Amino acid sequence: MLEITYLRSQAAEAISGLKKRGLDANQRIKDILKLDELRRENQNELDQTLAESNRISKEIGQLFKEGKREEADAAKAQTAALKNKIKDLQQEQEQLKHSLEQDLLALPNVPLDTVPAGNSEADNEIVQKVGEQMTLGHGAKPHWELAEDLKLIRFDLGVKITGAGFPVYQGKGARLQRALINFFLEENIKAGFEEYQPPLMVNETSGYGTGQLPDKEGQMYHMPEDNLYAIPTAEVPITNIFRDEILNSEDLPIKATAYSACFRREAGSYGKDVRGLNRLHQFDKVEIVALTKPEDSMAMLDAMVEHVAALLQKLELPYRILKLCGGDLGFTSSITYDFEVWSAAQERWLEVSSVSNFQTFQTNRMKIRYRGEDKKTHLLHSLNGSALALPRIVAALLENHQEEDGIRIPEALQGFTGFEKI
RNA sequence: GGAGAGAUGGCAGAGUGGUCGAAUGCGGUAGUCUUGAAAACUAUUGAGGGUCACACCUCCGGGGGUUCGAAUCCCUCUCUCUCCGCCA
């Protein structure tokens with residue numbers, strides 16, 4: 001949610017920024033500012049009326065104490081009209097607040113100056129390309145065939161016990177999963193992120209905090225009996241740890257990492273690109289989250305991008321980094337770098353990480369603040385990224401590292417798997 | 001699942017209708033003292049809205065009600081703790 005103070009002072013900037021998303025927000029922002037003005041006018045009147053009512057009440061108390069019952073009763077009569085007025089004004093205030101909030105919630109984050117304009121994937125800017133975009137030819141197999149041949153992943157068993165999109169990992173497949181999780185966590189810890197183990201289910205308030213609710217309601221698994229949601233990413237519980245907190249300057253930046261299973265209903269995505277590990281209902285991911293002072297968030301973003309790139313290099317996977325264009329940017333993000341690994345057998349790029357700076361868009365909603373030099377509270381900037389999401393990494397590892405005598409495990413991972421070949 | 005107790009400022013903990021945004025202690029900040037530090041003493045110290053700045057307004061778990069007036073009384077929801085049962 002954008003800050004109202006930002007819109008008040010920099011409406012023109014917001015409007016021109018949002019154009020990069022293909023959004024003409026001119027009228028919407030005008031409406032918001034109008035509502036904001038009405039709201040403040042109303043509050044002013046309400047406050048004055050409340051002040052008067054408070055004053056009279058105090059007088060009545062005083063009069064009673066002095067035993068001047070008649071005068072007190074006379075004063076009481078005065079308050080009836082005030083009470084009605086207060087009630088009306090309060091109702092109006094509630095309505096104005098509500099509409100203002102609705103309008104603000106519906107507005108996406110403003111892309112930064114450096115974000116390219118554009119409507120679709122095609123307009124994303126390729127920032128960097130590392131490694132060879134190899135083609136395998138002859139007997140090369142896609143990962144779902146390799147996984148089946150080598151008995152690493154059992155899609156059929158997942159269907160049997162749960163449903164499509166819930167694979168069972170077996171033998172070296174399961175060990176590879178565990179190794180990757182440990183590898184990512186250890187690397188993240190080395191980079192200064194503190195490890196957390198969050199709950200895999202969250203309450204409604206947390207869902208609103210990170211913005212999954214209300215708009216993406218249908219994307220989360222919901223347990224109505226207890227009104228809990230299965231997390232679609234560790235970002236939700238981890239960021240919500242800091243909800244409604246005022247952090248000390250010396251504790252910043254906050255850098256957190258967590259492994260979690262992630263659950264996504266993926267309602268509405270059928271057909272192509274869902275084969276094998278490409279799109280699952282349950283998958284494993286290691287996430288990194290950062291909270292920084294506003295002036296430090298861009299440096300943090302760069303550091304996180306570099307960190308994720310290093311992970312991919314250690315796994316010896318060819319990848320590219322995209323700077324997303326305005327039209328492809330997530331609702332809450334002001335700038336996002338996507339990481340894609342090359343899947344040699346499918347001959348396509350697979351997204352494995354998305355590193356974003358949300359600035360105050362999330363923290364405004366969650367009221368995550370810090371106390372500045374001026375002793376006042378200020379909103380922090382929040383950032384997050386995957387480091388990394390497992391299934392597509394596994395897919396790329398299997399496909400890219402397939403050799404005549406099996407799958408080669410990258411050296412960096414061997415200490416975690418305990419084997420060099422599958 | 002059954003029975004009971006409770007939810008107040010960063011923490012602990014008073015407060016049962018007006019003088020309460022809230023005693024007191026701890027913690028934090030600033031100062032006095034000191035070569036420096038500690039101790040002691042003094043002052044200060046919640047959040048949000050509003051305003052150029054004041055004024056002023058809101059908030060004592062959430063929502064609703066009674067009353068001229070609610071942290072305090074009533075209803076309701078949520079959560080926490082203790083005991084019993086069940087159980088990894």
Side-chain angles (χ1 to χ4, degrees), chain A residues 1-9 32-101 103-105 197 199-209 213-214 222-229 237 240-252 254 261 291 360 363-380:
Chain A
M1 184 164 71
L2 291 171
E3 295 172 80
I4 187 69
T5 47
Y6 163 76
L7 290 176
R8 272 184 214 151
S9 62
I32 285 173
L33 292 176
K34 185 69 194 165
L35 267 177
D36 177 49
E37 209 181 307
L38 286 173
R39 207 220 97 227
R40 282 187 290 165
E41 275 172 21
N42 170 277
Q43 194 193 336
N44 237 301
E45 200 182 343
L46 174 60
D47 284 356
Q48 295 310 313
T49 316
L50 281 169
E52 198 182 339
S53 161
N54 287 344
R55 212 191 58 238
I56 293 175
S57 287
K58 272 185 190 149
E59 276 173 24
I60 291 174
Q62 196 56 37
L63 289 171
F64 267 121
K65 213 169 264 177
E66 293 168 8
K68 298 177 182 167
R69 182 147 305 225
E70 277 172 35
E71 284 179 53
D73 284 338
K76 270 194 202 181
Q78 271 189 296
T79 61
L82 275 181
K83 278 179 88 171
N84 280 329
K85 190 175 176 191
I86 288 170
K87 206 171 181 184
D88 288 348
L89 286 169
Q90 268 171 343
Q91 247 167 36
E92 200 181 330
Q93 178 72 196
E94 285 307 310
Q95 273 168 18
L96 287 167
K97 257 188 181 161
H98 183 75
S99 335
L100 187 58
E101 170 143 327
D103 286 2
L104 279 173
L105 284 174
Q197 276 195 29
L200 302 181
M201 292 189 223
V202 293
N203 57 30
E204 221 175 347
T205 313
S206 296
Y208 277 97
L213 294 174
H222 183 216
M223 265 104 350
E225 197 81 52
D226 301 287
N227 200 22
L228 294 173
Y229 293 85
N240 271 285
I241 287 173
F242 304 97
R243 166 158 48 84
D244 292 322
E245 294 288 332
I246 300 173
L247 301 166
N248 293 321
S249 263
E250 58 266 30
D251 295 329
L252 297 172
I254 299 278
L291 296 171
T360 59
T363 56
N364 184 31
R365 205 194 282 205
M366 278 187 278
K367 298 284 169 273
I368 305 181
R369 295 153 293 171
Y370 75 103
R371 199 167 300 281
E373 303 275 321
D374 55 2
K375 307 283 181 203
K376 289 188 189 156
T377 60
H378 303 278
L379 292 175
L380 286 162

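Below, chain A is the first sequence line, B the second, and so on; all start at residue 1. In this text, all values refer to a predicted model and were calculated from it rather than measured experimentally.
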Could I get a table of every N or O pair under 3.5 Å where one atom is in the protein and the other is in nucleotides 70-72 of chain B?
none

Protein and nucleotides 85-88 of chain B: nitrogen or oxygen contacts under 3.5 angstrom:
none

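For the segment residues 76-86 of chain A, residues with any heavy atom less than 4.0 angstrom from an atom of RNA chain B are, sorted by number, A:Lys76, A:Thr79, A:Lys83.
Checking B:C57, B:G50, B:G69 against every side-chain atom of A:Ser57, the shortest atom distance belongs to B:G69. The listed nucleotides are B:C56, B:G18, B:A47; the one nearest the side chain of A:Ala51 is B:C56. Listed candidates were B:C57, B:G50, B:A47. Nearest to the side chain of A:Ile246 is B:A47.
In this structure, A:Thr49 contributes its side chain and A:Glu45 its backbone to a donor-acceptor pair below 3.5 Å.
Look at the C1' atom in both B:U42 and B:C60: the space between them is 30 Å, to the nearest Å. Straight-line distance between the P atoms of B:A70 and B:G61: roughly 15 Å, to the nearest whole Å. B:G46 and B:G10 have their P atoms separated by 9 Å, given to the nearest Å. To the nearest whole angstrom, the two P atoms, one in B:G63 and one in B:U78, are 15 Å apart. Across the P atoms, B:C83 and B:C75 are found 28 Å apart, a figure rounded to whole Å. For the C1' atoms, the distance from B:G17 to B:C68 is 12 Å, rounded to whole Å.
Remark: A:Arg39 is not in phosphate contact with B:G49, judged by side-chain N or O atoms under 4.0 Å from OP1 or OP2.
B:G4 is paired with B:C81 under the criterion used here, namely a Watson-Crick or G-U wobble arrangement in which both key atom distances are under 3.5 Å. Remark: B:C20 base-pairs with no nucleotide in the shown strands. Criterion, Watson-Crick or G-U wobble with two distances under 3.5 Å.
Side-chain N/O atoms of A:Asn54 and base N/O atoms of B:G69 include no donor-acceptor pair closer than 3.5 Å.
Screening A:Lys97, A:Glu37, A:Gln93 for a side chain to side chain donor-acceptor pair (under 3.5 Å) involving A:Asn42 leaves a single residue, A:Gln93.
Nearest-nucleotide positions on RNA chain B place A:Gln62 closer to the 5' end than the other of A:Gln62 and A:Arg369.
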